[in-house]
Amino acid sequence: YAGDQVFRITPSDDEEVQVLKNILGHMKVDLWQPNTASLICKNATVDVHVKRNDTQGLHAHLKQQHIDYGVFISNLQKEIEKQTGYRSSRKRRS
Amino acid sequence: ESQYDYEVYHSLEEIQSWMFEMNKTQSHLVDMFSIGKSYEGRPLYVLQIGKRSRHQKKAVWIDCGVHAREWIGPAFCQWFVKEAINSYQYDSVTRRLLNQLNFYIMPVFNVDGYHFSWTTDRFWRKTRSKNHKFHCRGVDANRNWKVKWCEEGASSHPCDDTYCGPFPESEPEVKAVAKFLRKHKKRVKAYISIHAYAQMLLYPYSYKYATIPNFNCVELAAHNAVTALYSAYGVRYRYGPASTTLYVSSGSSIDWAYRNGIPYAFAFELRDTGYFGFLLPESLINPTCTETMRAVKAIASGLLKK
């Protein structure tokens, strides 16, 4: 998962919803929410995990279509490693 | 048990050996049994928590880990068992609950998927079954119940994350739980399924916009549960029918449970709302489980009053 990103996208109208469904439909993505692209609707947050090789393309598509988005996880592998860091930090404290 | 760390995530092997340990050391309150085997042949273990009684007690079912990558689920089920046992002596609410009810706790529903998410693919969500016609593996176990089969919010394509399986209960894990709940449906008065990511408490229906017949009772129970949850750390959970609060779907285990006569059926969507996604840090296991424990106790206490 090194370099993979999770995008947070909020389509603001039905046209953006259709564009987003179309973009994501042509990429192999892992939707975190909603569970499936058919459930994407306006003003509802879409969190999507995108492979490293596809991130630049998605950035470009979203900018080109003026769809509001942000990146809430910029390197997924780093976050995976952080998730289970509590055990070692507790040991260090004790 | 005191050595066990409930504030870190555990592998399937660790969780199963913890279950054996609980069964051995807490035999006055805990009983352990298997309800079947997974697709890959792993046992599907359930813990029964409650004071032994000569008469048949009413029961609450809680399953965790339907979706493999939602690791906070199994952590909560373990937390629940730990808290129930440890507070039995000094907390009158817990004592009353365990004296008068049995809790069936299934810490890891999707055992194959959970193991796979630990060892191979952190973001795996489905089971690991394979249909001989296709190369893709797995079914979304929560879309494999005979509710409204494979319509909106599900997929009939095996490579999709929301693939609902070749037929309802095609997954041995779902079949085993359905069989157990059917067998005990006269005693099981509440069904709770633990999920993650949205901070919500959902109840039927999820497959249609209609209101359930006992809406007022269930709505009140949900309101009391999220109020109790909020009282811990001020974390707000939305609550309501799954179809309108989250989205309409093909139907899930809560709809199935409700249709099979279990009057209180809930799905918890635990923390968080997307800051960590499925990677909720271990440091948040404690607060997440503490607040959820309050909510589950509120539901069970309301049930007892009924």
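Protein chains get the first letters and strands the later ones, always in sequence-line order, with residue 1 at the start of each.
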Worksheet item: Where on B:Phe123 is there a heavy atom nearer than 4.5 Å to chain A: the side chain, the backbone, both, or neither?
Response: both
Practice prompt. Below 4.5 Å from any heavy atom of chain A, which atoms of B:Asp160 appear? Answer side chain, backbone, both or neither.
Written response: neither
Fill in: Steps toward side chain to side chain contact (heavy atoms under 4.5 Å, CB included) verdict (A:Leu76, B:Arg122)
CA-CA 10 Å; A:Leu76 205 49; B:Arg122 175 65 190 86; over 6 Å; no
Worksheet item: With a 4.5 angstrom heavy-atom cut-off, which part of B:Thr273 approaches chain A: side chain, backbone, both or neither?
Response: backbone
Worksheet item: Within residues 41-72 of chain A, which positions have a heavy-atom distance to chain B below 4.5 Å?
Response: A:Asp47, A:His49, A:Phe72
Worksheet item: Picking from A:Glu79, A:Lys82, A:Glu81, what satisfies side-chain contact (heavy atoms from CB on, under 4.5 Å) with B:Leu279?
Response: A:Glu79
Fill in: Closest non-hydrogen atom pair, A:Asn35 against B:Arg143
ND2-NH2, 3.5 Å
Response to the item:
Between the OG atom in B:Ser249 and the CG atom in A:Leu39, the distance rounded to the nearest 0.5 Å is 8.0 Å
Response to the item:
Heavy atoms of A:Ser38 and B:Gly153 approach each other most closely as OG-N, 4.5 Å
Discussion item. Using 0.5 Å steps for rounding, measure from the CG atom of A:Leu31 to the CG atom of B:Asp161.
Written reply: 8.0 Å
Worksheet item: With a cut-off of 6.0 Å (strictly less than), are more than 12 heavy atoms of other residues, nucleotides or ligands near CD of A:Gln77?
Response: yes
Discussion item. Which heavy atom of A:Asp30 sits nearest to which heavy atom of B:Arg69, and what is that distance?
Written reply: OD1-NH1, 2.9 Å
Discussion item. Please identify, among B:Phe276, B:Tyr197, B:Tyr9, the residue contributing the most non-hydrogen atom pairs under 4.5 Å to chain A.
Written reply: B:Tyr197
Discussion item. If I measure from the heavy atoms of chain A, does B:Thr162 come under 4.5 Å with its side chain, its backbone, both, or neither?
Written reply: side chain
Discussion item. Restricting to non-hydrogen atoms, name the atom on B:Tyr247 and the atom on A:Pro34 that form the minimum distance, rounded to 0.1 Å.
Written reply: CE2-CB, 3.7 Å
Practice prompt. Below 4.5 Å from any heavy atom of chain B, which atoms of A:Ile80 appear? Answer side chain, backbone, both or neither.
Written response: both
Worksheet item: Are A:Gln83 and B:Trp71 close enough, and set up right, to give a side chain to side chain contact (heavy atoms under 4.5 Å, CB included), and what steps lead you there?
Response: CA-CA 10 Å; A:Gln83 185 187 35; B:Trp71 285 6; 3.7 Å; yes
Practice prompt. Pick one of side chain, backbone, both or neither for B:Tyr275, based on which atoms fall under 4.5 Å of a heavy atom in chain A.
Written response: backbone
